[in-house]
Amino acid sequence: QVQLVESGGGSVQAGGSLRLSCAASDYTYRSNCMGWFRQAPGKEREGVATIYTNGGNTYYADSVKGRFTISRDNAKNTLYLQMNGLKPEDTAMYYCAAATLWVAYVCPGTEYEYNYWGQGTQVTVSS
């Protein structure tokens, strides 16, 4: 069964922190690539961070480098996104995604390569 369920979104002031969680079914968690994507109103969905299970190599969008951290807890089948130093431009619906891909070094941050998606969790950052 394919299942990804996000949680942890909310409203915070600029400079604040949130930790997003994505609980995955056993089947989905076997994917070798998992990632977080976001979509702001009127904008296309963009890759935020990805993690490659075989080695843990990570990818971050330039806009979040140094502020966001992606991680996995294999015992809990859960993917996380720790977001610090949040900015109003981080406001978006955040989605968890997974796929089994051929990977040279890092999992891609392009949405079309991912075939399993959660329903999303809203993050709103006020100035």
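Since the model is a prediction, treat every value here as computed from it, not as a measurement.
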Exercise. Hey, does Arg19 have a side-chain heavy atom less than 4.5 Å from the side chain of Leu81?
Worked result: no
Restricting to non-hydrogen atoms, name the atom on [X] and the atom on [Y] that form the minimum distance, rounded to 0.1 Å.
X: Met34; Y: Ala98; answer: CG-CB, 4.0 Å
X: Ala40; Y: Ala92; answer: N-CB, 3.8 Å
X: Ser31; Y: Ala99; answer: CB-O, 3.3 Å
X: Pro88; Y: Ser126; answer: CG-C, 4.5 Å

To the nearest 0.5 Å, how far apart are [atom1] in [X] and [atom2] in [Y]?
X: Ser71; Y: Leu79; atom1: OG; atom2: CG; result: 7.0 Å
X: Lys87; Y: Ser127; atom1: NZ; atom2: OG; result: 13.5 Å
X: Arg30; Y: Asn77; atom1: CZ; atom2: CG; result: 9.5 Å
X: Thr121; Y: Met93; atom1: OG1; atom2: CE; result: 7.5 Å

If hydrophobic clusters are built from ILVMFWY residues whose side chains come within less than 4.5 Å, do [X] and [Y] share one?
X: Tyr114; Y: Trp36; result: no
X: Ile51; Y: Tyr59; result: no
X: Tyr60; Y: Tyr52; result: no
X: Tyr80; Y: Val48; result: no
X: Leu4; Y: Tyr27; result: yes

Exercise. Which side chain to side chain donor-acceptor pair (under 3.5 Å) pairs, counting each pair once, include a residue from residues 90-106, with sequence neighbours left out?
Worked result: Arg38-Asp90, Arg38-Tyr94, Arg67-Asp90
Test item: [X] side-chain N/O and [Y] main-chain N/O as donor-acceptor pair under 3.5 Å:
X: Gln3; Y: Ala24; answer: no
X: Glu6; Y: Gln119; answer: yes
X: Thr78; Y: Lys76; answer: yes
X: Thr50; Y: Cys107; answer: yes

Exercise. Can you check whether Trp117 and Phe37 have ring centres sitting under 6.0 Å from each other?
Worked result: yes
Problem set entry | Candidate pair Val5 and Cys22, rule side chain to side chain contact (heavy atoms under 4.5 Å, CB included), full reasoning | CA-CA 5 Å; Val5 180; Cys22 174; over 6 Å; no
Exercise. Who pairs with Ser17 by side-chain hydrogen bond (donor to acceptor under 3.5 Å, both in side chains), at least two apart in sequence or on another chain?
Worked result: Asn84
Exercise. Just one of Thr124, Leu18, Val64 clears the side chain to side chain contact (heavy atoms under 4.5 Å, CB included) bar with Leu86, so which one?
Worked result: Leu18
Seminar exercise, completed: Contacts satisfying salt bridge (charged side-chain N to carboxylate O under 4.0 Å, His left out) that involve residues 110-123 (not counting sequence neighbours) are Arg45-Glu111
